[in-house]
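Reading through the structure tokens given below for one structure.
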Amino acid sequence: MSSPEPSGRAELRRMRIYAIVDSIPLGRISTYGRVAEEAGIPRGARQVGAALRNLPKGRVLPWHRVINAAGKISHASPQQAHRQRKLLAAEGIRFGETNKVDLGTFVWP
DNA sequence: CTCGTGACTTTGT
DNA sequence: TACAAAGCCACGA
């Protein structure tokens with residue numbers, strides 16, 4: 001029987017990342033680096049970004065609650081960035097005049 | 001094995 | 001505050 005759910009090293013890592021992101025409560029945010037550490041991947045911020053980028057279609061996840069260490073939105077696509085900004089605003093996340101989030105206030109522990 | 005790529009981070013100017 | 005350069009890590013060609 002072939003495994004319907006591949007669980008290689010990379011896949012396992014992705015699943016762990018998804019679990020962490022999924023645990024970020026509404027109204028709070030986290031950073032790529034933070035999620036990576038929580039998932040047991042020190043200095044794996046880029047991998048978190050890759051995991052979210054590779055997010056399987058249909059998979060529901062509060063991906064928008066993950067921003068970079070500067071408190072800003074990181075995206076390859078400005079359009080997606082705008083969407084994230086909107087989603088966060090809808091959850092009460094406030095942006096400063098420099099388009100940065102006050103991490104001290106909104107970052108999830 | 002080497003190289004290029006990326007939803008990152010840190011440090012210096 | 002903004003930007004540039006260097007560092008870091010996993011992947012795929």
Side-chain angles (χ1 to χ4, degrees):
Chain A
M1 300 269 287
S2 46
S3 28
E5 230 175 85
S7 46
R9 210 160 41 99
E11 317 265 338
L12 192 56
R13 193 168 20 238
R14 252 206 308 284
M15 294 199 300
R16 226 173 347 206
I17 290 173
Y18 292 155
I20 300 298
V21 174
D22 200 34
S23 70
I24 303 173
L26 188 156
R28 289 276 185 284
I29 58 89
S30 192
T31 66
Y32 297 98
R34 187 62 101 72
V35 172
E37 268 190 80
E38 293 280 322
I41 314 168
R43 294 174 290 294
R46 308 188 75 141
Q47 281 56 259
V48 171
L52 293 181
R53 182 169 64 91
N54 263 305
L55 192 63
K57 196 182 171 182
R59 170 76 170 171
V60 273
L61 204 77
W63 57 269
H64 56 279
R65 295 180 191 148
V66 184
I67 62 181
N68 65 30
K72 297 179 78 175
I73 291 173
S74 275
H75 280 287
S77 162
Q79 198 161 32
Q80 281 295 84
H82 183 71
R83 159 145 50 219
Q84 179 168 16
R85 166 80 181 246
K86 210 172 153 185
L87 287 169
L88 288 176
E91 296 188 352
I93 304 295
R94 322 245 260 109
F95 286 76
E97 304 188 9
T98 52
N99 293 316
K100 291 200 302 188
V101 172
D102 181 353
L103 296 178
T105 299
F106 297 105
V107 153
W108 179 59

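Naming: A, B, ... by sequence-line order, numbering from 1 per chain.
With sequence neighbours excluded, the residues that form a side chain to side chain donor-acceptor pair (under 3.5 Å) with Arg85(A) are Asn99(A). Evaluation of the salt bridge (charged side-chain N to carboxylate O under 4.0 Å, His left out) rule for Arg16(A) yields no partner, not counting sequence neighbours.
Minimum interatomic distance between Ala51(A) and Arg14(A) (heavy atoms only, all atoms of both residues): CB-CG, 3.7 Å.
The distance from atom CG of Asp22(A) to atom CD1 of Ile17(A), rounded to the nearest 0.5 Å, is 13.0 Å. Rounded to the nearest 0.5 Å, atoms CD (Gln80(A)) and CD (Gln84(A)) are 8.5 Å apart. Rounding to the nearest 0.5 Å gives a distance of 8.0 Å between CD1 of Ile67(A) and CD1 of Ile93(A).
Criterion: ILVMFWY side-chain heavy atoms under 4.5 Å apart, direct or through other members. Under it, Leu52(A) and Met15(A) are not part of a common hydrophobic cluster. Using a 4.5 Å cut-off between side-chain heavy atoms of Ile, Leu, Val, Met, Phe, Trp and Tyr, with links allowed through other members, Val35(A) and Tyr18(A) fall into the same hydrophobic cluster.
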N/O donor to acceptor pairs below 3.5 angstrom from side-chain atoms of residues 101-109 of chain A, sequence neighbours left out:
unit_1    : atom_1 : unit_2    : atom_2 : d
Asp102(A) : OD1    : Gly104(A) : N      : 3.0
Asp102(A) : OD2    : Thr105(A) : OG1    : 2.9

Which atom pairs, one a donor and one an acceptor, fall under 3.5 Å between side chains of residues 39-46 of chain A and the rest of the protein, sequence neighbours left out?
none

Side-chain donor/acceptor pairs under 3.5 Å, residues 57-66 of chain A, sequence neighbours excluded:
unit_1   : atom_1 : unit_2   : atom_2 : d
His64(A) : NE2    : Glu91(A) : OE2    : 2.9
Arg65(A) : NE     : Glu91(A) : OE1    : 2.9
Arg65(A) : NE     : Glu91(A) : OE2    : 3.3
Arg65(A) : NH1    : Ile24(A) : O      : 2.7
Arg65(A) : NH2    : Glu91(A) : OE2    : 2.9

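Contacts between residues 95-109 of chain A and DNA chain C, defined by a heavy-atom separation under 4.0 Å, are made by Thr98(A), Lys100(A). Contact check of residues 63-77 of chain A against DNA chain B (heavy atom, cut-off under 4.0 Å) returns Trp63(A), Asn68(A), Ala69(A), Ser74(A), His75(A), Ala76(A). The stretch residues 33-60 of chain A comes close to DNA chain C through Arg43(A), Arg46(A), Gln47(A), each having a heavy atom under 4.0 Å from the strand.
First and last contacts of DNA chain C with chain A, using any nucleotide atom under 4.0 Å from a protein heavy atom and ordered 5' to 3', fall at dT1(C) to dC11(C). Taking the 5' to 3' direction, DNA chain B first and last meets chain A under 4.0 angstrom from a heavy atom at dG6(B) to dT10(B).
Counting only residues at least two apart or on different chains, no salt bridge (charged side-chain N to carboxylate O under 4.0 Å, His left out) pair has a member in residues 66-78 of chain A. The list of side-chain hydrogen bond (donor to acceptor under 3.5 Å, both in side chains) pairs with a residue in residues 27-39 of chain A, not counting sequence neighbours, is empty.
Between the C1' atoms of dA7(B) and dA13(C), the separation comes to 22 Å (whole Å).
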